[in-house]
Q: 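Pasting a structure below so you can have a look.
Chain A is the first sequence line, chain B the second, and so forth, proteins listed ahead of strands; every chain is numbered from 1.
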Amino acid sequence: MLTNPTEIEAKWQERWYAAKINEADRDDRKKFMMIFAYPGVTGYLHVGHMRGFSYVDDMSRYMRMQGYNVMFPVGTHATGNGPISLAKRVAAKDENMISYLLRNGCPEKKLEDLTDPVKVVEFFNDVYVRQYWRRFGFLADWRRFACTVHEPYGKFIQWQFRKLMDAGLLIQKPYFAPACINCGPVAIDASETDISCGGNAETTEYTLIKFKCGDLTLLAATLRPETVFGLTNFWINPEVEYVKVVNGDEIWVMSRPCLDKMKYQKDKLKEVGSIAGTELIGRTCIAPFTGNEILCLPATFCDPNVGTGLVMSVPSDAPDDWVALRMVQEDEEQCRRYGLDLDAVKAIRPIAIIETKGWGPMPAVEIVERMGITRSGDPKLVEAKKIVYKEGFHAGKMNANCGKYSNLPVDKAKDMMKDDMIRANEADLFFDLSEKVVCRCGEPVVIKKVDDQWFIDYANPEVTAKSKAHAKRMNIMPNEYFVNVHGVLDWFRERACVRQGNWLGTRFPFDEKWIIEAISDSTLYPIFYTISPYVNDGSLKAEQMTTEFFDYVFLGQGVAEHVAKRTGLDEELVQRIKQDVDYWYPLDLNLGGKEHMTVHFPAFLMNHVAILPEEKWPQGIFVNWYVISKAGKISKSKGGAQPIPGAAEKYGVDALRLYYAHIASPFADVEWDEDILENYVSKIDRIMRTVEELSALAESEAMEGIDLWMLSRMGGHVSNVVEGMKGYDLRTLANVTYFDIPNDMKWYLRRGGSNGAVMAKVLNMWVRMMAPITPHVAEEMWEHIGGNGLVAQAKFPTADPADRSLEAEIAEDYLRGLMDDVNEILKVTKITPKRVLVYTTSSWKAKAMSMALGLLRTGELKTPTLTKAMMSDADIKKHGKEAPDFARKLAEDLVKRSKDEVSRLEVQFDELAFMSSVAPFLSKELNCEVQAFSAEDAARTDPQNKARTAQPRRPAIFVE
RNA sequence: GCGAGGGUAGCCAAGCCUGGUCAAAGGCGACAGACUCAAGAUCUGUUCCUGCAGAGGUUCGCCGGUUCAAAUCCGGCCCUUCGCACCA
């Protein structure tokens with residue numbers, strides 16, 4: 001038997017792939033199709049990704065052993081700008097990128113190729129397949145490989161979008177999205193694939209409120225348009241030079257950084273000059289709604305980079321405003337400098353507008369007081385603002401000062417007032433990012449308006465309702481997600497599905513200027529794997545993948561003969577493809593990381609429901625959690641994670657696979673820890689040695705109790721695993737196979753088990769149980785014990801009912817219980833035993849027990865009934881002193897027992913005979929003389945009269 | 001903000017849906033013993049507190065409730081992790 005994991009892996013992978021057992025073709029078996037959500041091509045993957053991937057191989061191997069014809073295809077998702085930006089960075093000789101590539105094993109001479117995005121994709125496709133999936137021994141059908149940027153896949157996506165259009169699910173409307181001013185649309189996310197900083201930024205919607213000031217319109221950007229009723233003044237930063245911008249017949253005033261951003265959102269802005277902040281201070285402007293004239297006052301907290309750089313002042317509810325107002329009112333010198341009317345300034349009072357439970361009428365005044373804030377720029381203001389905003393917005397309602405909005409909850413009033421003001425041309429919208437975002441190219445990212453953006457209408461009520469109903473029938477794991485997915489489907493709304501710019505992906509079939517974006521082209525794709533072998537072997541060409549072709553093979557619409565004629569394909573081939581599709585589809589299980597719960601899975605589900613007939617809707621979803629590093633999520637972009645081939649070499653593939661399956665429930669994150677890996681490595685070592693040792697046992701000696709026990713236990717283990725695997729519970733499979741069974745083996749040997757025939761049977765079952773999770777070492781052991789063919793193709797074991805021996809299991813439990821008790825006595829008394837005497841129950845107690853069990857069965861077991869029954873028995877009545885007490889204990893004890901325990905008590909078990917047979921074993925274990933007696937044996941040795949405490953299934957013990 | 005998950009002994013982690021077999025699986029780690037010249041590996045035992053007889057006591061984030069009985073069911077609170085759309 002080989003022992004080096006790398007050699008074992010190479011040996012068996014070669015045999016599997018040579019025998020093509022990974023290739024799935026239609027036959028007359030029942031089928032099972034499962035995938036993992038294909039990874040994006042963004043660079044090297046790390047050991048964390050292999051967790052979910054290996055689950056799919058584990059499960060598909062298990063299903064194969066259960067007799068299913070299993071299809072496990074793989075592919076990659078290269079849509080987007082990941083490969084482009086990688087290529088750009090290589091071309092720019094970016095040192096971080098180069099060293100990252102080399103560190104992960106990219107050959108130096110390959111670097112030149114990687115300046116081409118298409119070659120980047122092909123390079124990583126090869127890395128993923130060879131260095132990750134094949135390296136891990138996956139029985140994936142490589143012939144079915146698909147990549148989203150290959151032309152035939154694009155044909156499929158275009159067909160999908162035509163179907164969405166037919167179903168009325170493609171709609172067009174304006175959209176505001178983050179974009180680099182240079183490269184076009186970018187994704188803003190924590191992993192910062194497209195950008196070099198600002199991954200946590202969010203898009204903020206400001207309401208621009210217009211304040212007439214002579215012929216100028218001052219624009220205040222606010223998050224709280226509902227507070228206009230509380231306006232007391234306007235803030236201008238005296239140190240800022242504002243710009244004047246013509247928009248229609250208005251002249252807008254804003255800061256320059258604001259104009260730079262707004263240009264991307266409004267078409268006809270024309271800069272016509274500038275005006276100093278100081279020039280505006282002291283003027284009055286007209287507040288919308290109220291029509292009040294308010295004064296422009298100086299405030300340095302107006303940041304030209306935030307919003308418009310102009311701020312409307314609501315001192316009742318905005319702490320910044322209140323602090324600034326007080327400062328202005330107290331600084332008479334400044335008022336004089338700006339020529340302000342001192343009395344008018346001093347007369348400004350906050351106007352209460354919102355009632356919030358637990359707060360007075362002026363929350364801002366209150367909190368500034370409470371936190372002791374006196375100056376603008378005090379860092380505590382950030383916190384103050386947060387508190388007031390949160391409380392007011394969610395718990396407050398508009399007060400009597402607010403006209404027709406009085407009494408409305410603040411969050412409702414906000415939207416109504418915003419809409420009303422926009423309609424009345426008193427306001428507009430402006431989008432900005434909550435923090436600075438810079439593209440990978442170095443240019444800033446802004447929010448850009450797109451006028452004719454296409455969306456997939458996931459809010460469509462019919463598709464949503466059908467999807468929700470179908471989700472109820474699906475096998476969705478974990479259960480929490482099964483429950484939650486309905487909420488997600490409800491919340492799912494229109495989703496922008498195409499984008500412009502320099503992107504890899506499929507052209508939008510209705511307008512070639514668009515490219516279908518990354519999430520929208522990866523929803524229906526599992527069905528593509530049913531036809532991909534024909535694509536990959538050249539018998540189906542991209543130009544033959546017409547609408548009619550897809551309509552026929554996927555939807556069963558049209559006639560094969562026509563499709564054949566129009567595409568030039570053989571009619572027989574067209575029919576064969578359709579039969580393949582009908583055989584394999586629907587998808588049985590789609591496994592993906594938890595990040596897919598609110599993005600991919602709902603879209604996956606709804607596209608199937610919207611496009612395919614009901615019998616092709618997916619059957620299952622499995623969500624897995626991550627492997628994280630101590631610092632947090634192991635991230636592709638941040639590095640630091642163990643490269644996959646290195647880990648495979650270091651620990652062995654099977655140890656890694658076992659680690660993933662066993663370390664925790666799939667529905668919890670785990671922390672990557674090298675020390676723990678070592679434990680799994682030695683676990684596998686030990687198991688291999690155990691198998692080697694046990695397989696050498698001599699053939700057929702007489703069958704003993706311990707042999708019956710071993711076989712019985714094995715059957716129980718198999719049943720538990722098979723039951724668990726109905727819910728794809730790999731952890732139970734792992735725990736039983738790699739931990740419980742070895743522990744049983746240990747006990748078997750310790751008890752002197754040595755039956756070669758029994759062990760041959762047990763090992764044969766055990767090795768097959770190891771085949772799904774640690775397939776390489778399982779093959780090696782399978783070969784060693786003389787198993788038939790490849791274990792990967794063997795049947796998963798089933799429990800043989802004839803092997804079940806409750807009595808044998810009871811006996812060993814009895815023995816272990818006894819040993820525990822003896823150990824406890826030895827521990828407490830600190831005796832080194834010279835002699836241990838054991839007394840089994842007296843027959844009257846055994847009789848009482850069976851009476852009690854009888855009463856329990858009929859539901860009559862109570863202390864008085866049992867006592868009465870016992871006293872009417874002559875044998876028991878002789879022990880009239882002890883009996884009532886025993887009856888009470890028995891009755892109290894038995895009602896608490898589970899069904900399983902009770903049924904064990906009902907099994908006949910000769911305690912004395914068993915004790916006599918295990919006395920030699922105990923004697924060896926305890927290293928002293930051991931004798932067993934019946935408690936009723938008049939000739940027994942019993943120096944302390946312990947025998948009287950013996951009970952059924954609980955012998956009395958004497959130690960000296 | 002919206003939504004979801006988690007808090008179990010020194011650590012990791014099952015159990016919770018379906019209450020009683022739960023002082024709570026398993027694994028690490030630690031301690032002791034066996035084996036060994038020794039170390040490692042392996043095996044055995046111990047590992048909440050108390051206890052010179054197999055027992056008792058106090059535990060499963062906190063508070064309260066339901067129940068004969070709660071880690072498990074219900075309510076509230078505290079802490080924590082995660083997802084939230086052009087990133088797959």
Q: Rounded to whole Å, how long is the line connecting atom NZ of A/Lys594 with atom P of B/rG83?
A: 6 Å
Q: Scan every strand shown for a Watson-Crick or G-U wobble partner of B/rC60, both distances under 3.5 Å, and answer none if you come up empty.
A: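 Base partner found: none.
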Q: Work out how far the P atom of B/rU18 is from that of B/rA13, and round it to whole angstrom.
A: 25 Å
Q: Taking the six-membered ring of A/Trp747 as reference, does the cationic atom of A/Arg816 (NZ for Lys, CZ for Arg) lie under 6.0 Å from its centre and within 45° of its axis?
A: yes
Q: For the P atoms, the ones on B/rA14 and on B/rC63, what distance do you get once it is rounded to whole angstrom?
A: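 Taking atom P in both B/rA14 and B/rC63, they lie 25 Å apart.
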Q: Rounded to whole angstroms, how far apart are CG on A/Leu749 and C1' on B/rU44?
A: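 Distance check: A/Leu749 CG to B/rU44 C1' gives 14 Å.
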Q: How does protein reach along nucleotides 1-20 of chain B, written 5' to 3' as B (base within reach of a heavy atom under 4.0 Å), S (only sugar-phosphate), or - (no contact)?
A: S-SSS-------SS-----S
Q: Which one is paired to B/rU21, where only Watson-Crick or G-U wobble pairs with both distances under 3.5 angstrom count?
A: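 Result: none.
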Q: Looking only at atom P, what distance separates B/rC84 and B/rU66, rounded to whole Å?
A: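 Straight-line distance between the two P atoms is 43 Å.
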Q: For A/Phe921, is the NZ or CZ atom of A/Arg751 found under 6.0 angstrom from the centre of its six-membered ring and inside 45 degrees of the ring axis?
A: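 Pair A/Arg751/A/Phe921 counts as cation-pi.
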Q: Measure the distance from CG on A/Leu489 to C1' on B/rG83 and round it to the nearest whole Å.
A: 15 Å
Q: Among the candidates B/rA53, B/rA55, B/rG27, find the nucleotide nearest to the side-chain atoms of A/Val959.
A: B/rA53
Q: Using the C1' atom on both, measure B/rG56 against B/rA23 and round to a whole Å.
A: 12 Å
Q: Just compare B/rG83, B/rA85, B/rA88 and give me whichever is closest to any side-chain atom of A/Ala518.
A: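 Selected nucleotide (nearest to the side chain): B/rA88.
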Q: Can you list the steps and then say if A/Arg904 with A/Asp813 is a salt bridge (Lys or Arg N to Asp or Glu O under 4.0 Å)?
A: CA-CA 11 Å; A/Arg904 284 169 154 255; A/Asp813 286 348; 2.9 Å; yes
Q: Could you let me know what B/rC52 is paired to, Watson-Crick or G-U wobble, both distances under 3.5 Å, or none if it's on its own?
A: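 Because no pair has both required distances under 3.5 Å, B/rC52 counts as unpaired.
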Q: Taking the same atom, P, in B/rA32 and in B/rC73, what whole-Å distance lies between them?
A: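 About 41 Å, rounded to a whole number of Å.
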Q: Please determine, for the side chain of A/Val828, which listed nucleotide (B/rC52, B/rU44, B/rG54) has the closest atom?
A: B/rC52
Q: Quick one: do the A/Gln160 and A/Tyr525 side chains pair a donor with an acceptor below 3.5 Å?
A: no
Q: Counting side-chain heavy atoms from CB outward, which of B/rA53, B/rG51, B/rA85 is closest to A/Phe492?
A: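 When the side chain of A/Phe492 is considered, B/rA85 is the closest of B/rA53, B/rG51, B/rA85.
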Q: Just to be sure I understand the rule, does A/His600 reach a base, reach only the sugar-phosphate, or reach nothing, if contact means heavy atoms closer than 4.0 Å?
A: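 Since no nucleic acid heavy atom lies under 4.0 Å of A/His600, the category is nothing.
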Q: Among B/rA53, B/rG27, B/rG45, which is the nearest nucleotide to the side chain of A/Thr829?
A: B/rA53
Q: In terms of the nearest nucleotide of RNA chain B, which residue is placed more toward the 5' end: A/Val498 or A/Arg954?
A: A/Arg954
Q: Tell whether A/Lys830 reaches the base of B/rG51 with its side chain through a donor-acceptor pair below 3.5 angstrom.
A: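 A donor-acceptor contact between them is absent.
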Q: Is there a side-chain polar atom (N or O) of A/Lys746 under 4.0 Å from OP1 or OP2 of B/rC43?
A: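 Yes.
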Q: Does the side chain of A/Arg686 get closer than 4.0 angstrom to OP1 or OP2 of B/rU42 through an N or O atom?
A: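 So the side-chain polar atoms of A/Arg686 do come within 4.0 Å of the phosphate oxygens OP1 or OP2 of B/rU42, strictly under.
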Q: Go nucleotide by nucleotide along RNA chain B from the 5' end; which of A/Arg689 and A/Tyr458 gets its closest nucleotide reached first?
A: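 Whichever sits nearer the 5' end wins; that is A/Arg689.
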Q: For atom C1', what is the distance between B/rC62 and B/rC68, given to the nearest Å?
A: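 Those two atoms are separated by 26 Å.
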Q: If we count only N and O atoms by modelled type, under 3.5 Å, do the side chains of A/Thr506 and A/Asp521 hold a donor and an acceptor together?
A: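 Distance-only check fails for A/Thr506 and A/Asp521.
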Q: Which pairs, protein N/O on one side and nucleotides 29-35 of chain B N/O on the other, fall under 3.5 Å?
A:
none

Q: With a 3.5 Å limit on both atom pairs, tell me what B/rG3 is paired to, counting Watson-Crick and G-U wobble, or say none.
A: B/rC82
Q: For A/Asn590 and B/rA88, what is the distance between atoms CG and C1' respectively, to the nearest whole Å?
A: 13 Å
Q: Taking A/Glu723 first and then A/Lys726, would you say they form a salt bridge - that is, a charged N and a carboxylate O separated by under 4.0 Å?
A: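 Result for this pair is yes, salt bridge flagged.
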Q: Using Watson-Crick or G-U wobble geometry with both distances below 3.5 Å, tell me the partner of B/rU47, or none.
A: B/rG29
Q: Would you mind telling me which of B/rU42, B/rA88, B/rA53 lies closest to the side-chain atoms of A/Ile519?
A: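 Between B/rU42, B/rA88, B/rA53, the one nearest the side chain of A/Ile519 would be B/rA88.
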Q: Is the closest side-chain heavy-atom distance between A/Tyr44 and A/Tyr132 below 4.5 Å?
A: yes
Q: Look at the side-chain N and O atoms of A/Arg499 and state whether any lies under 4.0 Å from the OP1 or OP2 oxygen of B/rA85.
A: no
Q: Of the nucleotides B/rG51, B/rA85, B/rG26, which has the atom closest to the A/Arg493 side chain?
A: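 Looking only at side-chain atoms, A/Arg493 lies closest to B/rA85.
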Q: Between A/Arg751 and B/rC43, is there a side-chain N or O to OP1/OP2 distance below 4.0 Å?
A: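 So the side chain of A/Arg751 is outside the cut-off, no N or O lying under 4.0 Å from OP1 or OP2 of B/rC43.
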Q: Just call it for A/Ala956: base, sugar-phosphate, or nothing, with non-hydrogen atoms closer than 4.0 Å on any strand.
A: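 It contacts base atoms.
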Q: What is the distance, rounded to the nearest whole Å, between atom CZ of A/Arg816 and atom C1' of B/rG54?
A: 18 Å
Q: Under 3.5 Å for both donor-acceptor distances, Watson-Crick or wobble: does B/rA13 have a partner, and if so which one?
A: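 Checking every strand shown, B/rA13 finds no partner, since no pair has both distances under 3.5 Å.
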Q: Can you tell me how far P of B/rA85 sits from CZ of A/Phe601, to the nearest Å?
A: 17 Å
Q: For the residue pair A/Tyr814 and A/Glu911, confirm or rule out a side-chain donor-acceptor distance under 3.5 Å.
A: yes
Q: When all nucleic acid strands are considered with a 4.0 Å heavy-atom cut-off, which category describes A/Pro602: base, sugar-phosphate, or nothing?
A: nothing
Q: Does A/Lys173 make a cation-pi contact with A/Phe455 (under 6.0 Å, within 45 degrees of the axis)?
A: yes
Q: Testing A/Asp740, A/Val691, A/Leu694 for side chain to side chain contact (heavy atoms under 4.5 Å, CB included) with A/Met745, which one passes?
A: A/Leu694
Q: Taking NZ, NE, NH1 and NH2 as the nitrogens, is one of them in A/Lys683 or A/Asp685 under 4.0 Å from a carboxylate oxygen of the other?
A: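 No.
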Q: Could you measure between the two P atoms, the one in B/rC49 and the one in B/rU42, and give it in whole Å?
A: 27 Å
Q: Can you measure A/Glu678 atom CD to B/rG27 atom P for me and round it to whole angstrom units?
A: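 In whole Å, B/rG27 P lies 18 Å from A/Glu678 CD.
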Q: Please walk me through it: do A/Asp744 and A/Lys746 pass salt bridge (Lys or Arg N to Asp or Glu O under 4.0 Å)?
A: CA-CA 5 Å; A/Asp744 281 358; A/Lys746 256 196 263 184; over 6 Å; no
Q: Quick check for you: among B/rG26, B/rA53, B/rA88, whose closest atom lies nearest to any side-chain atom of A/Asn735?
A: B/rG26
Q: If we call it a pair only when both distances are under 3.5 Å in a Watson-Crick or G-U wobble match, what pairs with B/rC73?
A: B/rG65
Q: Determine whether the aromatic ring centres of A/Trp672 and A/Tyr659 lie less than 6.0 Å apart.
A: yes
Q: For B/rU42, which nucleotide is its Watson-Crick or G-U wobble mate, given both distances must be under 3.5 Å?
A: B/rA34
Q: For atom P, what is the distance between B/rA24 and B/rC79, given to the nearest Å?
A: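 Result for the P pair: 33 Å, nearest Å.
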Q: Less than 4.5 Å apart, side chain to side chain, heavy atoms only: is that true for A/Phe53 and A/Asn624?
A: no
Q: In whole angstrom, what separates A/Glu693's CD from B/rC43's C1'?
A: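 Checked: the CD to C1' distance equals 11 Å.
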